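What follows is a short report on a single structure.
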Amino acid sequence: MLFRSFDRLPAPDFEQKVAGTKQFFRELNRLGLTGVIDPGGFNITPADYQPLFRVWQNRDLSIRVNYSMFAQRAGKELEDFQTITQLTPMGYGDDLLRFNGIGESVTWGMYNNDSPTQAQKMELGNVARWAALRNMTLTIHWSNDKSVGHLLEIFEQVNSIRQIAPLRWSIAHLNDATPATLARMKALGVGWAMQDAMYFSGEQFVKERGEKEALRTPPIMSAVKLGLNVGGGTDAHRVMSYNPFVSLQWMLDGRTISGLPMRGPEETPSREQALRLYTQGSAWFAHDEGRRGSLAPGKLADLAVLSKDYLTVPVGEGGTIESVLTMVGGRVVYGAGPFANLESRK
């Protein structure tokens with residue numbers, strides 16, 4: 001009923017969408033974010049990106065956006081990707097806005113399908129081969145380890161034709177990844193976009209899978225020790241809040257929003273490790289680890305001054321951290337308190 005009521009609200013006009021985009025990005029700046037990776041989404045068409053492009057054209061972007069294109073029409077995925085990418089090849093854009101390939105739905109037949117047919121696997125294989133031969137990044141949503149072998153088999157077939165490791169292909173979610181799955185991903189050079197869905201859905205997971213399985217969900221440290229490329233994320237807005245500090249708190253304490261403890265100490269990173277996954281780790285998925293994710297000479301001047309010391313604040317209070325000063329490319333895009341007068345406004 002809530003969604004139906006929302007759909008009845010009057011749609012904003014184009015200029016309102018532009019203004020809303022700018023305002024939302026400033027909200028992300030308030031939380032210390034200087035860049036996001038957008039994996040596309042249901043019912044998000046190329047036309048829906050026009051307000052974002054307008055903000056970029058007006059040089060008003062306050063956050064770096066790497067965006068992917070979601071599958072548009074069932075049965076027409078390859079045709080649609082081929083059409084869209086004629087004018088937006090892989091890497092098209094600049095340091096603030098850049099096309100980052102296809103996903104998180106690549107073909108509809110393989111989306112949340114634990115028992116795909118051979119025809120559905122062939123459809124995904126055709127799109128994946130096309131993407132690989134065009135040096136295109138691909139990220140794909142996958143929920144359950146019990147069926148991820150279907151996906152990895154396709155990746156391995158494509159890899160025999162064109163090595164996919166340099167293309168930064170990745171699997172998103174896969175909260176219950178086993179050591180065997182992580183090893184196959186590592187062998188292929190496939191990254192893991194690790195999300196914090198368990199913050200809201202952990203109770204359901206424990207009910208269905210049991211407390212023992214929950215202790216290693218998701219297996220963060222197993223992936224880190226294996227040398228897998230792992231990036232932290234929020235999966236906002238369908239699954240979680242966009243607040244990165246809530247996600248970081250969850251990475252450190254393994255507790256759901258109601259306080260239920262899940263992940264055990266063996267799979268819990270240190271504060272430094274969690275922060276690296278969220279910054280340097282995530283930059284890998286955007287092909288930017290050489291320019292973003294850490295403060296070093298020669299890198300882009302993106303930084304945030306926080307309201308509390310992330311390294312010493314009680315873990316349970318980590319989600320309350322905000323930024324008091326956020327800079328993107330050396331420009332102050334958000335300021336609060338004593339830094340409010342430094343914010344660059346247009």
Side-chain angles (χ1 to χ4, degrees), residues 21 24-25 28 33 35-53 55-56 61 63-74 76-108 110-112 123-124 126-143 151 154-155 158 164-174 189-195 229-240 242 281-289 292:
T21 299
F24 176 61
F25 285 169
L28 298 183
L33 284 170
V36 296
I37 297 176
D38 167 35
F42 290 104
N43 301 318
I44 303 297
T45 68
D48 293 313
Y49 285 84
Q50 296 309 303
L52 169 64
F53 295 156
V55 176
W56 174 56
L61 270 182
I63 199 160
R64 304 186 192 279
V65 180
N66 293 79
Y67 68 98
S68 302
M69 185 51 62
F70 216 73
Q72 297 294 302
R73 299 178 295 168
K76 302 287 186 180
E77 296 93 342
L78 180 55
E79 177 184 333
D80 288 340
F81 287 140
Q82 289 172 330
T83 299
I84 291 169
T85 56
Q86 289 185 76
L87 296 177
T88 53
M90 180 64 199
Y92 175 81
D94 59 17
D95 286 342
L96 284 171
L97 181 68
R98 190 181 319 129
F99 179 59
N100 201 46
I102 62 175
E104 171 176 314
S105 173
V106 179
T107 58
W108 288 90
M110 293 286 280
Y111 191 88
N112 278 340
E123 287 178 343
L124 177 59
N126 289 337
V127 177
R129 280 190 295 274
W130 169 83
L133 293 174
R134 284 155 185 79
N135 299 324
M136 189 168 292
T137 295
L138 179 154
T139 185
I140 190 164
H141 169 111
W142 207 272
S143 297
L151 173 64
I154 293 170
F155 279 8
V158 174
I164 62 177
L167 307 181
R168 311 293 174 91
W169 285 19
S170 63
I171 300 176
H173 316 300
L174 199 60
V190 169
W192 181 30
M194 189 276 302
Q195 311 290 340
N229 287 299
V230 183
T234 62
D235 198 27
H237 308 289
R238 291 176 62 89
V239 175
M240 243 296 287
Y242 52 79
S282 294
W284 179 88
F285 295 78
H287 299 257
D288 273 345
E289 73 279 10
R292 298 165 59 191

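Computed from a predicted model, the values in this text were never measured in an experiment. Along the sequence shown, residues are numbered consecutively beginning with 1.
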Please round to the nearest 0.5 Å and tell me the distance separating atom [atom1] of [X] and atom [atom2] of [Y].
X: T88; Y: N100; atom1: OG1; atom2: CG; answer: 12.0 Å
X: F24; Y: L52; atom1: CZ; atom2: CG; answer: 11.5 Å
X: T107; Y: F81; atom1: OG1; atom2: CZ; answer: 8.5 Å
X: I164; Y: R129; atom1: CD1; atom2: CZ; answer: 12.5 Å
X: L96; Y: L61; atom1: CG; atom2: CG; answer: 5.5 Å
X: L138; Y: W130; atom1: CG; atom2: CH2; answer: 9.5 Å

What are the two closest heavy atoms between [X] and [Y], and how far apart are they?
X: E77; Y: A71; result: CG-CB, 3.7 Å
X: I102; Y: A131; result: CD1-CB, 4.1 Å
X: M90; Y: T137; result: CE-OG1, 3.1 Å
X: G101; Y: M136; result: CA-CG, 3.8 Å
X: G233; Y: Q195; result: C-OE1, 3.1 Å
X: V127; Y: V106; result: CG1-CG1, 3.5 Å

Checklist line | Contacts of type side-chain hydrogen bond (donor to acceptor under 3.5 Å, both in side chains), residue E79, not counting sequence neighbours | finding: R73
Next item on the list: Go through the structure and list residues passing side-chain hydrogen bond (donor to acceptor under 3.5 Å, both in side chains) with N112, not counting sequence neighbours.
Entry: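 In terms of side-chain hydrogen bond (donor to acceptor under 3.5 Å, both in side chains), with neighbours along the sequence ignored, N112 is linked to H141, S143.
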Next item on the list: Mind running side-chain contact (heavy atoms from CB on, under 4.5 Å) on V65 and F25 for me, showing each step along the way?
Entry: CA-CA 10 Å; V65 180; F25 285 169; 4.0 Å; yes
Would you say the side chain of [Y] lies within less than 4.5 Å of the side chain of [X], judging by non-hydrogen atoms?
X: D48; Y: N43; value: no
X: Y242; Y: L33; value: no
X: L151; Y: W142; value: yes
X: V230; Y: M194; value: yes

Note to self: Is it true that, when you exclude D94 itself, more than 12 heavy atoms of the residues, nucleotides or ligands shown sit nearer than 6.0 Å to its CG?
What the structure shows: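 Yes, CG of D94 has more than 12 neighbouring heavy atoms, counting only those of other groups under 6.0 Å.
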Notebook entry, point to check: Just wondering, more than 12 heavy atoms not from Y92 lying within 6.0 Å of its OH?
Noted result: no
Checklist line | Short N-O contact, D288 and R98, less than 4.0 angstrom | finding: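 The answer is yes: the pair qualifies as a salt bridge.
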Distance-only, no hydrogens or angles: does the [X] side chain make a donor-acceptor pair with backbone N or O of [Y] under 3.5 Å?
X: T139; Y: I171; answer: no
X: R168; Y: W284; answer: yes
X: W169; Y: G189; answer: no
X: E104; Y: I140; answer: no
X: Q72; Y: D80; answer: no
X: W192; Y: H173; answer: yes
X: N126; Y: E123; answer: no

Checklist line | Audit row: T85, R134, side-chain contact (heavy atoms from CB on, under 4.5 Å) steps and yes/no | finding: CA-CA 10 Å; T85 56; R134 284 155 185 79; 5.9 Å; no
Check: For the residue pair F99 and Y49, is the inter-centroid distance of their aromatic rings smaller than 6.0 Å?
Finding: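 No, too far apart.
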Checklist line | Whether W108 and F42 hold their rings parallel, tilted or perpendicular, with breakpoints at 30° and 60° | finding: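 If you compare the ring of W108 with that of F42, the planes turn out tilted.
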